[in-house]
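First up is the structure itself, then whatever we jot down about it.
Atoms within each ligand, like the ligands themselves, are counted from 1 in listed order. All values reported here derive from a predicted model rather than from experimental measurement.
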Amino acid sequence: MKDLAVYMIGPEHRTFSLGVLKHMLEYEDCIDYAYIPNTNESLGFDRIAEEYTRHAIKHYRKRFTGSILSKPLDAVFEHELYKRTKETIEDNFYELGFIGDVEPDIIIMSLSTPSYPVGRILADVYKEYFPDTPIIAGGPFFKDDEEIERLVDSSKIDGYCIGHASSLSRFLQRYRNKEIRYSAKQGFSGDVDGLSGFRLKVDSKIVGDGRGKLTILKDGMEVPYTKYDNIVHMNIFGISSCPHHCSYCSTNKQKVSNGERIWRKKIKEAYEKEHMPVYISILDDNPLMYIKKYTKLLERLRKDRVEFLLASMFVDPFNLVNNYNDVLAFLSGYCSQDSKIFIGRETHDEMIAYKMGRNCFGRHRDQKILDEEYQRIKDLINYANTKHMFDSGIVVAYILTPWENKRTISKSLEEWKELTDLGAHIVFYGLTPGFSTRLRKMHRELIRDVNPALYYRIGSFVSTPDNLSYDMLKDVGRVFFR
Ligand code: SF4
């Protein structure tokens, strides 16, 4: 068996995920050496990312700004900034630390959507130095879509991993055992069959399909953390699942009790290794779903003298209806000024809730629940305002669906105006259900493939809740729906 050296590249703040991935690959015994360059320095990456963003329309300082996709991918490649950044990286590749002590046998890139163009730059430059080394890309939003195909087709990336990274370890094991080989001329060859979750360039064609499985943190894996002079900082991602089973959502399935056991173990390990207090930031969690268990978890952390920040958390409006006072007590007791609160309103209309599968314990939310939820959302915003609770305010998200009509959109506009006046920030998303969700199977014919021409038009969209109109929203809807 050959030793395998990998370079793991994560432009745009993905170094944390790469740290987890590195430990996972070491744990599964499929790599021998990993080099992760520090790409968190600015290097102009963030500016390029701004040229290329998509997904949501955001409300910012009383304006809605269309940022679904400011520019199609091909246009970003022609941008002056893209060219200049590429030149800078080419000229200073060693100095910027992109090359480690050992030459790579394979290069892995973790890209989030805004960093696709940067991934292309880095793939180009790495190939100048290591033409015979394959480059595999992946990331949280990699799926079967034209944009990814375009990125891979137009770049020196040799293959990509769809969905979660567990299939990467199977691929690396085969590559390390030479069951899969690579040549610059022909791409991959050998045992490339049955690698679900992988697409590879073979004879200039992209082959393979499927989706990888969710990677769950295991006892033996290490979790990366940052060491400061007298404290260790660790990021912890959502550990609670959700019982509502909305058709468009794929939430993680980890139970609070499992998540807690593993995270407490990781915190203890870091403490014992570094002999310093551990400070954790809890990100993107859903603590109100299991409020009693979660409260116990946080109390145990306090007892262990672990400081924590609930950095970003979801508030399901049903929790506000069901146990409003407990929610207020939780938010006052465990959140801080820096906590970011995100409420998924999604829709106000019973029929749309039914069609999109906006559920509550597996059944769709009826009009009575939806109306009560709205009232409670307003109560919470008012309460937070009175108590000056969250510096960055509360975000309320809506989903634009193919079933909107004049009435539903007018009602959304009314709600947005009312909530904006109360000081909330509104975000609306197009309904783009993730792969393998039930909704995607049910309504595949309604979901539009990426259409850069339409994105481009919406890119110039700026409005306020006062003059945002039905026609404008229909226009936005056309980007997402047939
Ligand atoms: S309530 Fe939110 S997190 Fe839970 S299943 Fe529905 S969309 Fe997903």
For the rings on H244 and F361, is their centre-to-centre separation under 6.0 Å? yes
Check D316 against ligand 1 and report side chain, backbone, both or neither, counting heavy atoms closer than 4.0 Å. side chain
Validation row: K340, M313 side chains within 4.5 angstrom (heavy atoms): no
So, is H244 placed with an N/O/S atom under 2.8 Å from atom 6 (Fe) of ligand 1, counting both backbone and side chain? no
Can you tell if the side chain of N323 reaches within under 4.5 Å of the side chain of L288, non-hydrogen atoms only? no
Heavy-atom contacts with C246 under 4.0 Å: which atoms of ligand 1 show up? List them by number with element. 1 (S), 5 (S), 6 (Fe), 7 (S)
Between E415 and S412, is any side-chain donor less than 3.5 angstrom from a side-chain acceptor? no
Selection from M289, R358, M356 by shortest heavy-atom distance to atom 2 (Fe) of ligand 1: R358
Taking the side chain as C-beta and beyond, is there a heavy-atom pair between L309 and S336 under 4.5 Å? yes
Heavy-atom contacts with R365 under 4.0 Å: which atoms of ligand 1 show up? List them by number with element. 1 (S)
